[in-house]
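Computed from a predicted structure; not experimentally measured.
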Amino acid sequence: WCSNTATVTVNAQPTITGTLTVCIGATTTLTESGTPAAVNPWTSSNTGVATITNAGIVTGVAAGTTTITYTNNNGCTRTATVTVNALPTITGPTAVCDGATITLTGSGTPAAVNPWTSSNTGVATVTNAGVITGVNPGTTVITYTNNNGCSNTVTITVNAQPTITGTLTVCVGSTTTLTGSGTPAAVNPWTSSNTGVATVTNAGVVTGVAAGTTTITYTNNNGCSNTATVTVNAQPTITGTLTVCIGATTTLTGSGTPAAVNPWTSSNTGVATVTNAGVVTGVAAGTSVITYTNNGGCTRTATVTVNALPTITGPTAVCVGSSITLTGSGTPAAVNPWTSSNTGVATVSNAGVVTGVNPGTTVITYTNNNGCSNTVTITVNAQPTITGTLTVCVGSTTTLTGSGTPAAVNPWTSSNTGVATITNAGVVTGVTAGTTTITYTNNTGCSNTATVTVNAQPTITGTLTVC
């Protein structure tokens, strides 16, 4: 029988090395052994899952698996299964406020090392648990990587905290307006932590309710908020007498520490003035509103009534031993409405009856039921004296002399001109036997009396002829 021989060469299968997992949108490069086939050395069984170039670069297209076949120049092939993993998802807010935190959640199992990273830690940091903290206004890219090595990103915006400006102290019953930067939130942009201390409107108007502190929170349309502590100061109190007489003073006291400038003011200085020490001086009858301001800027008012001084009418002179009556306007005080500064000169009763005691002057004070008083100076004049002979015969005269200056009209009078008459010069003429009271009045209106006796003329009896 006939035979022939041939040599058969058995070529080794090529090998494929490289990472056989890839994420959607990412690439992995496979390496072959030997020389690749001239045409289509690399092929993918499912280009909807992954594609591969002639250089062995695999690109993930969709989650799944595909068979990658490598052919060398000997026509030998090797296959490998490539798994394309889906990208993880990131859920959570995409904005955070400066100084605040938000939490992002990544799908699947996070990578064991640094599953979360921030592209700009000067804007925001992120923990391995996905907690983002705003550091400064701006944007940063947050990357999440799962345990398959696949990652996804989200852009986080860090918004600046708003600012609050305005006066942070207010008095009970008063208001202060705060202003927040930016655009306020559409709903409840301003809130108070303690509305029993202060309330706040959506326009930022704070009203003091009771003394204490409350935290006012302002939220802008980015959801960022800031807080300010508002102190509500109690209104001061005013104590003291709220009535005063014209020309007199009353001292008011305000609680707490008075303001450094103009702690006390009067609404009508034509009625009453007030010093920085709270001393009110009555100027004219009427009312004035006195305002006290403490060092917290809180005020309290009190109405002060200024009462007119009473008037005193009546004579201003009286003789020793005589009395005059003074009349005071209004209602007299219940106790001691009338007083004399010198009772050794004149006394005065509660009814205003002044009695001369000794020559001199005294100040009589009248006080009404408002506590207002007025004074008048009373002169007490001495009684005049009468000197001369107090007996006269019928038909004869005697001259009397009065001390001081006689009254201009009728300085001398006789109580009984049928017994004796008297001239303005004090010349008494006996008319008939008897007695009469002679009154002398001086130019101060003071008078004295003396009794003049008129004696009958004697008679002569007997023969009136003689040789």
Side-chain angles (χ1 to χ4, degrees), residues 1-92 94 103-121 123-132 139-156:
W1 51 279
C2 296
S3 63
N4 203 349
T5 62
T7 300
V8 174
T9 302
V10 178
N11 294 310
Q13 279 187 315
T15 60
I16 299 174
T17 58
T19 301
L20 298 177
T21 57
V22 68
C23 303
I24 292 175
T27 62
T28 183
T29 300
L30 301 181
T31 303
E32 74 287 352
S33 60
T35 302
V39 178
N40 296 330
W42 293 94
T43 60
S44 169
S45 66
N46 188 344
T47 56
V49 170
T51 61
I52 190 167
T53 68
N54 287 340
I57 300 172
V58 179
T59 300
V61 176
T65 59
T66 184
T67 299
I68 299 297
T69 301
Y70 167 68
T71 305
N72 64 14
N73 61 346
N74 289 322
C76 295
T77 62
R78 173 70 75 175
T79 63
T81 300
V82 170
T83 300
V84 178
N85 294 310
L87 296 182
T89 59
I90 300 174
T91 55
T94 58
T103 300
L104 300 181
T105 302
S107 61
T109 301
V113 178
N114 296 331
W116 295 93
T117 60
S118 169
S119 66
N120 189 345
T121 55
V123 170
T125 60
V126 62
T127 69
N128 287 340
V131 178
I132 296 175
T139 59
T140 184
V141 176
I142 300 297
T143 301
Y144 168 68
T145 304
N146 63 14
N147 62 345
N148 289 324
C150 297
S151 61
N152 208 342
T153 62
V154 63
T155 298
I156 297 296

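Scored by the side-chain contact (heavy atoms from CB on, under 4.5 Å) test, Asn73 finds Thr35 as partners (sequence neighbours excluded). Listed by chain and residue number, Ile57 satisfy the side-chain contact (heavy atoms from CB on, under 4.5 Å) test with Thr29 (two or more places apart in sequence, or in another chain). Residues satisfying the side-chain contact (heavy atoms from CB on, under 4.5 Å) test with Ala62, not counting sequence neighbours, are none.
Residues Thr140 and Thr121 fail the side-chain proximity criterion, which asks for heavy atoms closer than 4.5 Å. Looking at Val61 and Val49, their side chains never come closer than 4.5 Å, going by heavy atoms from C-beta outward. With contacts defined as side-chain heavy-atom distances shorter than 4.5 Å, the pair Asn40/Asn54 qualifies. With a 4.5 Å cut-off on side-chain heavy atoms, Ile156 and Val126 do not count as touching. Between Leu104 and Ile142, the closest side-chain pair of non-hydrogen atoms falls below 4.5 Å. Taking 4.5 Å as the limit, some side-chain heavy atom of Pro88 sits within range of a side-chain heavy atom of Asn152.
Here the side chain of Asn148 pairs no donor or acceptor atom with the backbone of Cys150 at under 3.5 angstrom. A donor-acceptor contact shorter than 3.5 Å links the side chain of Asn72 to the backbone of Asn74. No side-chain donor-acceptor contact under 3.5 Å links Tyr70 to the backbone of Thr31. Judged purely by atom type and a 3.5 angstrom limit, Thr66 uses its side chain to pair as donor or acceptor with the backbone of Ser45. Listed for the Ser118 side chain is a donor-acceptor partner under 3.5 Å among the backbone atoms of Ala124. In this structure, the side chain of Thr28 does not engage the main chain of Val58 through any donor-acceptor pair within 3.5 Å. In terms of modelled atom types and a separation under 3.5 Å, the side chain of Arg78 and the main chain of Thr15 share no donor-acceptor contact.
Looking at every heavy atom in both residues, Leu87 comes nearest to Cys23 through CD2-CB, 4.1 Å. Looking at every heavy atom in both residues, Trp42 comes nearest to Ile52 through CE3-CD1, 3.5 Å.
Going from atom CD of Gln13 over to atom OG1 of Thr79 covers 8.0 Å, rounded to the nearest 0.5 Å. In this structure, Ile132 CD1 and Thr125 OG1 are separated by 8.5 Å, a value rounded to the nearest 0.5 Å. Considering OG1 of Thr43 and CG of Asn46, their distance stands at 12.0 Å, rounded to 0.5 Å.
Inspection of the Thr65 and Thr83 side chains reveals no N or O donor paired with an N or O acceptor under 3.5 Å.
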side-chain contact (heavy atoms from CB on, under 4.5 Å) for Val84 and Ile24? Distances and angles first, verdict last. CA-CA 6 Å; Val84 178; Ile24 292 175; 3.7 Å; yes
